[in-house]
Amino acid sequence: QKEVEQNSGPLSVPEGAIASLNCTYSDRGSQSFFWYRQYSGKSPELIMSIYSNGDKEDGRFTAQLNKASQYVSLLIRDSQPSDSATYLCAFYNAGNMLTFGGGTRLMVKP
Amino acid sequence: EAQVTQNPRYLITVTGKKLTVTCSQNMNHEYMSWYRQDPGLGLRQIYYSMNVEVTDKGDVPEGYKVSRKEKRNFPLILESPSPNQTSLYFCASSTSQNSYGYTFGSGTRLTVV
């Protein structure tokens, strides 16, 4: 089993809709979780971090963490075409390495 | 401006010719790391360093070397590059606490022919 699992997509949503991205992880000891956005050919950019169970909101982005079920999700409200990118979830594993999922490609259609 | 700087951005080389990709950060970060990104395989960690003179293997260290003689620099060395090392490489840095994610450099696209 991979340490981090994401649906590769593409996830296609219309402009203005809510995009929901999900990620499951295997290491129950993980404390810190991150969402990165990566445009094609560019470097990953940190957009959200979450450490506690529940929701964390930042503008149009909401990260949700459920440690008991070992999943973390990212909601993007009022999706815009500029949100079209690959979204990577990541966490620190037991070996202290920041481990990434394969990413979900999001396409927001005008 | 706080940043991680990688050079070169693009590199085409021939099999067996030693090369070095430089990485420098100006944020006084303890942690630095190298990743490679390949289609379908995602980001995979090559090596990481928790501080000066402390380096550790990641998931895919074969064929690579690193050094951390200064806090700000973390070069990636390919002693004898092979075509299977053709990839997009990212250097990244972070503070010592695991509460923060990495800040990434702009990437180096390497082609080995």
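Order of the sequence lines sets the chain letters (A, B, ...), proteins ahead of strands, with each chain counted from 1. Fair warning: this is a prediction, and the values are worked out from it, not measured in the lab.
When every heavy atom of A:W35 is checked against every heavy atom of A:S73, the shortest pair comes out as NE1-O, 3.4 Å. Residues A:Q80 and A:D78 come closest through the heavy atom pair NE2-O, 2.9 Å. The shortest non-hydrogen separation linking A:G54 to A:I50 is O-CD1, 3.5 Å.
Identified by a heavy-atom distance below 4.5 Å to chain A, the contributing residues of residues 45-65 of chain B are B:Q45, B:Y48, B:M50, B:K57, B:G58, B:D59, in residue-number order. Contact annotation for residues 1-23 of chain B against chain A (heavy-atom separation below 4.5 Å): no residues qualify.
A side-chain donor from one of B:S87 and B:D38 sits under 3.5 Å from a side-chain acceptor of the other. In summary, the side chains of A:Q70 and A:T24 do not present any donor paired with an acceptor at a separation below 3.5 Å, with no hydrogens or angles considered.
Of the atoms belonging to A:E45, not a single heavy atom falls under 4.5 Å from chain B. Proximity to chain B (any heavy atom under 4.5 Å) is restricted, for A:Y36, to the side chain, taken from C-beta onward.
A:D58 has no carboxylate O lying under 4.0 Å from a charged side-chain N of A:K56, or vice versa, which leaves the two without a salt bridge.
Between the B:T86 side chain and the B:V112 main chain, a donor and an acceptor come within less than 3.5 Å of each other. For the pair A:T104 (side chain) and A:N7 (backbone), a donor-acceptor distance under 3.5 Å is present.
You'll find the side chain of B:Y31 reaches within 4.5 Å of the side chain of B:Y102, heavy atoms only.
Taking the six-membered ring for Trp and the full ring otherwise, the centers of B:Y35 and A:F100 sit less than 6.0 Å from each other.
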